[in-house]
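Below: one structure in structure tokens.
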Amino acid sequence: MKLFVGLGNPGAKYARNRHNIGFMAVDAIARDHGFGPWRSKFQGEISEGMLGREKVLLLKPMTFMNRSGQSVGEAMRFFKLDSTDVTVFHDELDLAPGKVRAKAGGGHAGHNGLRSIHDHIGAAYDRVRLGIGHPGRKELVSPYVLGDFAKADADWLDDVLQGVAGGAVHLAAGDAAKFMNAVALRTAPARSSTTTPKSETKTSPAPQAETQTPDDRTAMQKLLDKFR
């Protein structure tokens with residue numbers, strides 16, 4: 001069995017936050033691969049299903065981000081899993097919006113969710129880093145990650161979530177290269193060869209510049225509803 005963990009914060013207040021892209025990723029996998037209904041267990045929400053020949057448990061910790069490791073550790077112990085059976089999907093400030101990277105082990109780079117998981121199960125777990133870009137200044141990081149995705153992010157966000165869901169079978173089989181190819185097949189065609197891709201910008205606008213109209217919020221809500 002594999003344990004796929006999406007990181008985020010529980011509740012409607014945080015549902016569209018950049019920090020919750022990990023929740024969105026596992027929601028997309030559950031929907032596209034016919035996983036069972038979400039139910040409460042291990043201080044989180046879980047959904048079970050098959051990815052290829054591999055049984056996979058999807059987990060969304062409901063402990064809030066900085067205590068994610070409590071939920072992950074509890075699920076691991078129950079199923080007698082090793083940390084190498086765990087893959088964590090999380091937001092990544094150091095990657096441009098729309099960029100995705102698979103990584104085995106490593107540090108937590110100050111990410112509170114990863115820091116908590118390190119404390120509970122160690123560092124030897126896999127990660128899928130989902131780029132959201134950086135606001136440019138350290139003091140803007142907290143409001144930025146806890147801010148909602150803007151309407152302008154809808155296209156690349158949809159591509160990323162569809163790509164992650166499409167490549168999930170390869171990830172469960174332990175083939176990170178094929179997973180990344182599947183993501184690229186979804187995300188690369190949407191990028192123009194004559195203009196600078198939005199996903200290549202080094203920084204994203206500061207949260208103050210992302211004022212959303214009611215129409216913007218409605219459009220983004222429709223996109224996110226697809227992955228719940």
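This is a predicted model, so every value here is computed, not measured.
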Atom NZ of residue position K178 - does it have more than 12 heavy atoms of other residues, nucleotides or ligands inside 6.0 Å?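 For K178, atom NZ is not crowded (no more than 12 foreign heavy atoms under 6.0 Å).
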
Heavy-atom pair with the smallest gap, counting every atom of I132 and F149: CG2-CZ, 4.1 Å

Is it true that a side-chain atom of R18 and a backbone atom of L146 form a donor plus acceptor pair closer than 3.5 Å?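 Such a contact is absent between R18 side chain and L146 backbone.
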
Any donor-acceptor N/O pair, H90 side chain to G113 backbone, under 3.5 Å: no

Are F79 and F42 close enough that their ring centres sit under 6.0 Å apart?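 So the answer is yes for these two rings.
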
Keeping S68 on the side-chain end and M65 on the backbone end, is there a donor-acceptor pair under 3.5 Å? yes

If only atom types and distance count, is the side chain of D82 paired as donor or acceptor with the main-chain N or O of T84 below 3.5 Å?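 Confirmed, D82 side chain pairs with T84 backbone.
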
Any idea which heavy atoms bring H33 and L51 closest together, and the distance?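 Answer, listing the atom of H33 first, then L51: CG-CD2, 3.4 Å.
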
Looking only at heavy atoms, what is the nearest atom pair of V164 and V183, with distance? N-CG2, 4.0 Å

May I ask you to decide if G105's main-chain N or O and R127's side chain share a donor-acceptor pair within less than 3.5 Å?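 Confirmed, R127 side chain pairs with G105 backbone.
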
Over 12 foreign heavy atoms within 6.0 Å of NZ, K103: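 Check passes, neighbour count above 12.
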
Can you check whether A124's main-chain N or O pairs, donor with acceptor, with S83's side chain at less than 3.5 Å?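 Yes: the side chain of S83 pairs with the backbone of A124.
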
Stepwise side chain to side chain donor-acceptor pair (under 3.5 Å) check, D91 with H19: CA-CA 6 Å; D91 57 303; H19 222 19; 2.9 Å; yes

Whether the side chain of N66 engages the backbone of N112 through a donor-acceptor N/O pair (distance < 3.5 Å, no angle test) should be reported.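 Such a contact is absent between N66 side chain and N112 backbone.
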
If we ignore hydrogens and angles and just use 3.5 Å, is the side chain of N20 paired with the main-chain N or O of F23 as donor and acceptor? no

Centroid separation under 6.0 Å, is that true for the rings of H118 and H111?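 When the ring centroids of H111 and H118 are compared, they turn out to be at least 6.0 Å apart.
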
